[in-house]
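Counting convention: from 1, in listed order, for ligands and their atoms alike.
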Amino acid sequence: MRGIVIYDSIFGNTEQVAVAVRSSLSLDGGAEVVRVADMTPGLLADADFIVIGSPTRGFRPTDAIVHFLKALPAGALNGKRAAAFDTRISVDDIEQAMLRIIVKNGGYAAPNIAKRLEKCGARIEAPPEGFFVKGSEGPLKEGEVERAASWAKRIAAAAQSGNE
Ligand SMILES: Cc1cc2nc3c(=O)[nH]c(=O)nc-3n(C[C@H](O)[C@H](O)[C@H](O)COP(=O)(O)O)c2cc1C
């Protein structure tokens, strides 16, 4: 099984998570990490397991990720496995109560990505996951890179066991 981690990142936090996920995504066919702007149809066709990560911006993925997903035809991911993650602000770190409520209820990028992956025919291997940044531009909170690495191990194991 071959994997690909496709990501977008404005300030570098999601890129850091994407690199950590790829490093721990132990699949028998290997894995690579590619910024969404550099994606090609060939890279997608070669992958059996697709992981997509985006910063949460205004409760949703970045425009580049949204466009990439919208451009995939129905059934484009039939037979492939997938998972989604995002980076987001920890609600506990938002001082203003009103803003806390808005951010909490607004939603996050990863569930949105997972829904679209599923719509294109992929089988989602794990619930969408969020990794936390400290402020609106990061950095990542302590321990999040390590948490991303263990998440990657778990999803890779799930994808490979489901493959038997
Ligand atoms: C314009 C803007 C909108 C944002 N919207 C949200 C949001 O709706 N929810 C949230 O949790 N974080 C939000 N954030 C924080 C981002 O999630 C954070 O910038 C991102 O995790 C950093 O990832 P990156 O370094 O890969 O760009 C926003 C940040 C900016 C600058």
Checklist entry - Going by the atom numbers of ligand 1, which of them fall below 4.0 Å from some non-hydrogen atom of Arg88? => result 11 (O), 17 (O), 21 (O)

Checklist entry - With no hydrogens and no angle check, is any side-chain donor or acceptor of Lys80 less than 3.5 Å from a backbone partner on Leu44? => result yes

Checklist entry - Given that the side chain starts at C-beta and the backbone is N, CA, C, O, which of these parts of Val133 lies under 4.0 Å from ligand 1, counting heavy atoms, or is it both or neither? => result side chain

Checklist entry - Does Tyr7 reach ligand 1, in the sense of a heavy atom lying below 4.0 Å from it? => result no

Item to check | Contact atoms of ligand 1, heavy-atom distance to Ile10 under 4.0 Å | outcome: 24 (P), 26 (O), 27 (O)

Checklist outcome for this item: shortest atom 5 (N) of ligand 1-to-protein heavy-atom contact is with Gly58 N, 2.9 Å

Checklist outcome for this item: Looking only at protein heavy atoms, what sits closest to atom 13 (C) of ligand 1 is Thr56 O, 3.1 Å

Checklist entry - Which protein heavy atom lies closest to atom 20 (C) of ligand 1, and at what distance to 0.1 Å? => result Thr87 OG1, 3.5 Å

Checklist entry - Any N or O of Arg57 that comes nearer than 3.5 Å to an N or O of ligand 1? => result no

Next on the checklist: Using a 3.5 Å distance criterion without hydrogens, assess whether the side chain of Arg2 forms a donor-acceptor pair with backbone atoms of Leu27.
Outcome noted: no

Checklist entry - Is the backbone of Leu140 close enough, under 3.5 Å, to the side chain of Asn13 for a donor and an acceptor to pair up by distance? => result yes

Next on the checklist: Check this for me, if you would: do Glu118 and Arg116 make a salt bridge, where the nitrogen-to-carboxylate-oxygen distance has to be below 4.0 angstrom?
Outcome noted: no

Item to check | Test item: Arg22 side-chain N/O and Ala31 main-chain N/O as donor-acceptor pair under 3.5 Å | outcome: yes

Next on the checklist: Side chain or backbone, does Gly12 bring an N or O within less than 3.5 Å of an N or O on ligand 1?
Outcome noted: yes

Checklist entry - For atom 25 (O) of ligand 1, which protein heavy atom lies nearest, and how many Å away is it? => result Asn13 ND2, 2.6 Å

Next on the checklist: Which residue and atom name correspond to the protein heavy atom nearest atom 8 (O) of ligand 1, and how close is it?
Outcome noted: Phe59 N, 2.8 Å

Checklist entry - Quick one: does Ser54's side chain have a donor or acceptor within less than 3.5 Å of a partner on Asp86's backbone? => result no

Checklist entry - Looking only at atom types and distance, does a side-chain atom of Arg100 sit under 3.5 Å from a main-chain N or O of Asp93, one as donor and one as acceptor? => result no

Item to check | Short side-chain to backbone donor-acceptor contact, Thr56 and Thr87, under 3.5 Å | outcome: yes

Item to check | Atom indices of ligand 1, in the order listed, that fall short of 4.0 Å to a heavy atom of Tyr108 | outcome: 11 (O)

Item to check | Min N/O separation Glu137 to ligand 1 under 3.5 Å | outcome: no

Next on the checklist: For residues Ile52 and Leu72: do they belong to one hydrophobic cluster (side chain heavy atoms under 4.5 Å, members Ile, Leu, Val, Met, Phe, Trp, Tyr)?
Outcome noted: yes

Checklist outcome for this item: Among non-hydrogen protein atoms, atom 10 (C) of ligand 1 lies closest to Ile89 N, 3.7 Å

Item to check | Shortest reach to atom 19 (O) of ligand 1 by a heavy atom, considering only Ser136, Gly107, Pro55 | outcome: Ser136

Next on the checklist: Quick check against the 3.5 Å criterion: does Asp38 have a side-chain atom that pairs as donor or acceptor with the backbone of Val34?
Outcome noted: no

